[in-house]
Novice: 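Quick one: the structure is below, questions incoming.
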Amino acid sequence: MTQQAGANVAAIRLEFRNVTRRFQGRGKAEAVTAIESVSLQVRDGEVVSLIGPSGCGKSTLLNLTAGLDRPSVGEVLVDGQPVTGPNAHVAFMLQKDLLLPWRTIRENVEFGLEIRKVPAAERKSTALAMLKACHLEGFPDHYPHQLSGGMRQRAALARTMATDPTVVLMDEPFSALDAQTKMILQKDLAQTLSSMRKTCLFITHDLAEAVALSDRVLVMSHRPGRIIEEIVIEIPGRDNPLIRRESPMMNGYLHRLGELLDLAHAKV
Amino acid sequence: MSDSARLAAIGGLLLGIVFLAVWQWVPGLLGVPPFIIPPASEVWNEFLYMIANERVFFHVGATSLSVIAGFVLGALLGMVVGYALGMSPSAEMVLSPYILALQIAPKVAFAPLFVMWFGFTVYPKILVAVLIVFFPVMVNVLGAVRTIDRDQINLARAFSANRLEVFWKIEIPASMPALFSGLRIAATLAVIGVVVGELVGGNVGLGYLLVYGQGQANTAMVFVVILLLTLIGLVAYLAVAVTEGRVLHYLPKRDFGAR
Ligand SMILES: Nc1ncnc2c1ncn2[C@@H]1O[C@H](COP(=O)(O)OP(=O)(O)OP(=O)(O)O)[C@@H](O)[C@H]1O
Ligand SMILES: [Mg+2]
């Protein structure tokens with residue numbers, strides 16, 4: 001699937017075409033329009049961050065991409081195919097690690113492969129390779145409760161990558177971690193994404209994280225969420241956010257994003 | 001750890017000896033007659049007598065088998081209904097008032113009814129046990145299935161798991177801790193259900209011996225039976241607890257029996 005990557009114009013991996021999602025009100029609650037007329041494209045190998053005020057529909061966007069939810073209007077396409085339900089091209093990672101406490105770390109990483117009916121031996125070798133890539137070599141037989149928050153999130157990343165998805169979705173994956181662990185995991189994620197050439201949609205509230213990790217940042221307005229700005233990050237070296245953070249250009253981007261978010265809040 | 005465990009074992013043993021001594025001598029010193037509280041030695045002698053003359057092990061066996069049957073059937077039924085209702089909220093909504101009513105009704109009160117229906121067979125006592133075991137299991141399973149993290153289920157769904165896979169790979173294992181706390185309660189309740197069934201009629205089981213001892217004004221026999229019933233309940237509880245320890249081995253270690 002990733003074979004045509006060599007073509008001069010990178011393929012579009014993820015596309016929203018004029019997508020609106022309304023939630024019917026329950027009982028007396030009125031209907032909520034979570035996102036409205038959202039169009040976006042993410043090209044092969046790109047990392048695109050999505051920022052916006054709380055409740056603007058970021059997670060809704062993720063659910064639509066994962067096929068867990070359907071748009072009220074418009075179309076979501078992954079690899080040019082309309083998303084009609086959960087599919088093998090997409091995997092996600094949330095703030096919660098969602099590791100199953102009754103499975104060892106290796107078994108957790110194998111979870112997606114197991115559902116895909118991958119033979120046990122192959123599952124195991126893939127899982128071990130993924131754990132290695134995520135710096136968890138020593139822990140395949142541990143249970144989740146025996147790991148620290150940062151390690152658990154690494155395991156969640158390994159599980160996400162194990163099914164070799166075309167598009168990786170991340171919803172504030174590091175927001176529950178302490179500042180130091182967060183930086184390390186950001187660096188590891190950036191390296192993993194670029195070495196595996198994954199396409200990624202990354203949701204965050206952390207502006208510096210968005211700038212440091214992404215090729216582009218999309219800014220959403222207050223509910224109903226629309227994309228109000230696209231900022232291309234031109235700091236080189238996307239695979240090392242630690243260095244990127246030190247760039248003199250960083251502050252300019254942060255300032256700009258801060259302004260945009262204030263605007264987004266003010267609009268109501 | 002092993003030091004404090006040894007200390008606890010010694011303490012427990014000492015306490016047991018003190019308890020037996022108090023039981024043996026204090027009621028007598030206080031002028032309580034043996035037909036009210038027979039001393040420990042008399043209860044022991046009664047036990048030996050019952051082995052020889054009252055087929056006590058036959059009755060222990062009969063009661064134990066009924067407890068096992070009632071527990072297993074009640075637990076299975078509770079699991080089936082619990083999982084079924086947990087997976088269909090609309091069915092639960094329709095049934096919940098009836099379930100609540102049945103849950104509130106004192107289950108042991110059904111014993112005479114079951115005897116009227118099935119006569120002095122094993123069925124009434126097993127049925128009472130089934131009924132009494134059913135609820136804690138069902139309620140715990142239902143509660144657990146309903147409170148499973150939606151995101152965990154969505155994770156499985158996003159990997160294209162079908163309904164059955166979500167059930168086997170998420171809902172069943174996620175509900176295990178709650179199921180086992182239900183089973184622990186159920187294990188001791190099963191004994192109550194069976195004994196009540198036996199009290200109501202028939203000539204088999206420890207419940208029958210209880211009534212028989214009472215009829216003979218044989219306090220020591222009643223004491224023996226109470227102790228034997230306690231023992232059966234304890235074994236049932238420990239069997240569940242040990243199984244639980246095996247099944248839930250992945251949970252962080254906790255103090256024994258603390259959950
Ligand atoms: N299943 C649902 N039913 C009804 N309303 C929903 C549902 N899911 C989301 N919403 C509503 O849609 C809006 C957007 O929610 P969403 O979770 O996408 O926001 P978000 O941008 O991810 O917020 P946050 O930054 O706090 O995570 C919210 O107002 C929310 O109440
Ligand atoms: Mg969200």
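All chains are named by letter (A, B, ...) in the order of the sequence lines, taking the proteins before the strands, and each is independently numbered beginning at 1.
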Novice: Looking at B:Phe135, is B:Lys107 sitting on its ring face, NZ or CZ under 6.0 Å from the six-membered ring centre and within 45 degrees of the normal?
Specialist: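 Judged by the rule (NZ or CZ under 6.0 Å from the ring centre, within 45° of its axis), B:Lys107 counts as positioned above B:Phe135.
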Novice: Between A:Tyr143 and B:His249, is the ring centre distance below 6.0 Å?
Specialist: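 Yes, the ring of A:Tyr143 comes within the 6.0 Å limit of the ring of B:His249, centre to centre.
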Novice: Residue by residue, which of residues 89-106 of chain B have a heavy atom closer than 4.5 Å to a heavy atom belonging to chain A?
Specialist: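 Result: none.
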Novice: Which pair of heavy atoms, one from B:Leu155 and one from A:Leu98, lies closest together, and at what distance?
Specialist: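 Closest approach of B:Leu155 to A:Leu98: CD2-O, 3.8 Å.
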Novice: Could you tell me which portion of A:Arg159 (side chain, backbone, both or neither) has an atom closer than 4.5 angstrom to a non-hydrogen atom of chain B?
Specialist: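 For A:Arg159, heavy atoms of backbone and side chain both lie under 4.5 Å from chain B.
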Novice: For each of A:Pro165, A:Gly112, A:Pro144, A:Ala66, tally heavy-atom pairs with chain B at distances under 4.5 Å, and name the one with the top tally.
Specialist: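 Ranked by contacts with chain B, first place is A:Gly112.
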Novice: Counting only non-hydrogen atoms closer than 4.5 Å, does A:Asn87 touch chain B with its backbone (N, CA, C, O), its side chain (CB onward), both, or neither?
Specialist: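 Answer is backbone: N, CA, C or O of A:Asn87 sit under 4.5 Å from chain B.
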Novice: Under a 4.5 Å heavy-atom cut-off, does chain B meet the side chain of A:Gln146, its backbone, both or neither?
Specialist: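 Interface part for A:Gln146: neither.
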Novice: Do the side chains of A:Trp102 and B:Met176 get nearer than 4.5 Å, heavy atoms only?
Specialist: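 A side-chain contact is absent here, since even the closest heavy-atom pair is not under 4.5 Å.
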Novice: Any Lys/Arg nitrogen of A:Lys96 or A:Asp171 sitting under 4.0 Å from an Asp/Glu carboxylate oxygen of the other?
Specialist: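 Result for this pair is no, no salt bridge flagged.
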Novice: Quick check on A:Leu68 against chain B: is it the side chain, the backbone, both or neither that has a heavy atom closer than 4.5 Å?
Specialist: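 A:Leu68 touches chain B through backbone and side-chain heavy atoms alike.
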Novice: Any Lys/Arg nitrogen of B:Glu171 or B:Arg163 sitting under 4.0 Å from an Asp/Glu carboxylate oxygen of the other?
Specialist: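 The answer is yes: the pair qualifies as a salt bridge.
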Novice: Using non-hydrogen atoms only, which part of A:Leu99 is less than 4.5 Å away from chain B: side chain, backbone, both, or neither?
Specialist: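 Contact with chain B: backbone only.
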Novice: Using heavy-atom distances under 4.5 Å, tell me whether B:Asp149 contacts chain A through its side chain, its backbone, both, or neither.
Specialist: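 Side chain only.
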Novice: Could A:Glu172 and A:Lys58 be called an ion pair, given the rule that one side-chain N must be under 4.0 Å from one carboxylate O?
Specialist: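 Salt bridge absent between A:Glu172 and A:Lys58.
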Novice: Should the heavy atoms of other residues, nucleotides or ligands under 6.0 Å from CZ of A:Arg22 be counted, would the total exceed 12?
Specialist: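 No, CZ of A:Arg22 has 12 or fewer neighbouring heavy atoms, counting only those of other groups under 6.0 Å.
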Novice: Nearest 0.5 angstrom please: A:Leu77 CG to A:Ile12 CD1, how far?
Specialist: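 Spacing of CG (A:Leu77) from CD1 (A:Ile12) equals 9.5 Å.
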Novice: Is B:Glu165 close to chain A through its backbone or its side chain, or both, or neither, when contacts mean heavy atoms under 4.5 Å?
Specialist: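 Side chain of B:Glu165 only, per the 4.5 Å heavy-atom cut-off to chain A.
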Novice: Ring of B:Phe159, cation from B:Arg157 - is the NZ or CZ under 6.0 Å from the centre and inside 45° of the axis?
Specialist: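 No, B:Arg157 and B:Phe159 do not form such a contact.
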Novice: If you count heavy-atom pairs under 4.5 Å between each of B:Pro173, B:Ala161, B:Ser160 and chain A, which one has the most?
Specialist: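 The answer is B:Pro173.
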